[in-house]
Amino acid sequence: MTVNESNNRDSTISIRLTSNERKSMEEIAKNSGFKTISDYLRFLHNAHTQQVNSDQKKWIDTIPKERKIQEFFRTDLGVMYCGDSLDYLFNVAEEESVDLIMTSPPFGLVRKKQYGNEDADKYCDWFRPFAEGFKRVLKESGSLVIDIGGSWIPGMPTRSLYHFELLIMLVKEYGFYLCQEHYWWNPSKLPTPAEWVNIRRVRVKDAVNTVWWLSKTPYPKANNRRVLVPYSESMLDLLENGYQAKERPSGHVISKKFAKDNGGAVPPNLLAIANTESTGQYQEYCRKNGLPIHPARFPEKLPEYFIKFLTDPGDLVLDPFAGSCVTGKVAEQLNRRWVCVELNAGYLQGAVSRFTDDDDNAAQHATKNKNSEKSKSKHVKYEIWAPCSLPINDDIPLIEDGGRHRQQS
């Protein structure tokens with residue numbers, strides 16, 4: 001009889017425990033039916049290994065075994081693919097070939113949308129194979145940027161944690177690093193959820209998406225000089241009239257270098273971008289040709305910020321949940337190579353209009369843009385009021401039941 005060498009228990013390890021830890025572990029092992037702590041630890045290890053293997057098998061089973069993804073449209077710099085992005089990530093893309101993954105995946109929402117969003121409570125399991133694929137194709141110097149909105153627990157004015165659970169999973173399980181969280185504030189967003197904001201008046205408008213900026217190492221390439229913003233009026237006055245170096249009340253020492261003109265201010269991680277486009281060339285093309293308009297497009301300024309911040313001309317930008325290919329259009333304009341992958345061919349038919357100027361809408365849209373630019377200032381500013389800016393006092397009573405029941409209007 002041949003003995004499998006891996007089953008020979010001829011190796012030992014030493015684990016330092018406090019007396020209380022050892023006593024507790026011995027009691028748990030005994031109460032669980034194990035003769036020794038060693039048997040108990042082997043059981044825990046085997047159970048963990050089986051769970052990891054089971055989870056891995058689940059995501060492996062979701063990867064297409066044959067390449068079925070089809071090229072839909074191509075420019076000199078980029079390609080649109082119609083099909084499953086897992087097919088692209090595992091069967092088409094080369095390992096460590098992508099400099100930036102810039103995407104907005106289907107959100108984990110309570111109500112189903114026509115573009116096919118996932119349930120919030122199952123979101124992490126659905127996302128696992130994509131996480132594996134992202135890790136496979138992303139360069140060591142590259143970045144993964146995920147725009148993801150929150151959701152509400154059905155029937156209650158409380159929030160789901162699914163987007164935070166996704167972040168923790170990507171960091172803890174897949175080894176990504178959180179470089180910095182950003183928050184996309186949409187000043188034009190309607191007051192939602194209406195039930196809790198407008199009717200029962202127990203919540204405020206949900207107008208911010210989280211944007212996770214992650215990477216495979218703590219040091220992806222980046223330069224914030226690419227995304228400077230105009231100086232404030234007070235900073236312009238300081239640059240003109242000078243500044244006396246001193247220690248601030250907070251303890252921060254402001255040196256003479258603070259008064260140096262760097263061409264602009266470093267932006268905060270709050271991105272104020274109104275999502276108001278409703279009559280652009282893309283929408284007009286879709287309406288004219290009877291094509292579906294993607295209902296969850298992010299504004300061009302969002303990918304523009306991260307593409308400028310994190311990539312060089314000629315780098316490869318990937319959007320695996322492309323929708324109407326906003327990311328691809330911006331990458332094209334900025335002289336980056338790009339790949340957009342989308343399951344819905346109808347959305348891609350409309351997306352083609354972002355790269356072609358061969359119909360009547362192009363000239364009309366150009367005229368509109370020209371007239372619009374004349375009426376707008378060069379720098380777009382959005383105003384956000386400080387808390388409690390209106391002089392409203394305590395005469396308005398609190399809603400004592402927290403919105404459990406609708407109030408009489």
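Throughout, numbering of the chain's residues begins at 1 and tracks the sequence.
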Can you tell if the side chain of [X] reaches within under 4.5 Å of the side chain of [Y], non-hydrogen atoms only?
| X | Y | answer |
| --- | --- | --- |
| Ser160 | Tyr123 | no |
| Met169 | Tyr174 | yes |
| Lys329 | Tyr282 | no |

- Passes side-chain hydrogen bond (donor to acceptor under 3.5 Å, both in side chains), Thr75 versus Glu332? Steps please. CA-CA 9 Å; Thr75 71; Glu332 179 95 6; 2.8 Å; yes
If we count only N and O atoms by modelled type, under 3.5 Å, do the side chains of [X] and [Y] hold a donor and an acceptor together?
| X | Y | answer |
| --- | --- | --- |
| Thr103 | Asp319 | yes |
| Asn209 | Asp147 | yes |
| Trp213 | Ser143 | yes |

- Query: Could you state the interatomic distance from CG (Asp84) to CD (Glu342), rounded to the nearest 0.5 Å?
  - Reply: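 Atom-to-atom, Asp84:CG and Glu342:CD are 11.0 Å apart.
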- Query: What is the distance from atom CZ of Arg203 to atom CH2 of Trp196, rounded to the nearest 0.5 Å?
  - Reply: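 If I round to the nearest 0.5 Å, the distance is 8.0 Å.
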- Query: By side-chain hydrogen bond (donor to acceptor under 3.5 Å, both in side chains), which residues pair with Ser85, not counting sequence neighbours?
  - Reply: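 Scan of Ser85 (side-chain hydrogen bond (donor to acceptor under 3.5 Å, both in side chains), adjacent residues dropped) gives none.
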- Query: Can you list the residues that meet the side-chain hydrogen bond (donor to acceptor under 3.5 Å, both in side chains) rule with Lys221, with sequence neighbours excluded?
  - Reply: Asp312, Asp315
Are [X] and [Y] ion-paired here, with the side-chain N under 4.0 Å from a carboxylate O?
| X | Y | result |
| --- | --- | --- |
| Arg159 | Asp206 | yes |
| Arg136 | Glu96 | no |
| Lys308 | Glu304 | yes |

- Message: Taking Gly403's backbone N and O only, do any of them form a donor-acceptor pair with Asp401's side chain (distance below 3.5 Å, no angle check)?
- Response: yes
- Message: If you take the centroid of each ring, where Trp contributes its six-membered ring, are Tyr305 and Trp184 closer together than 6.0 Å?
- Response: no
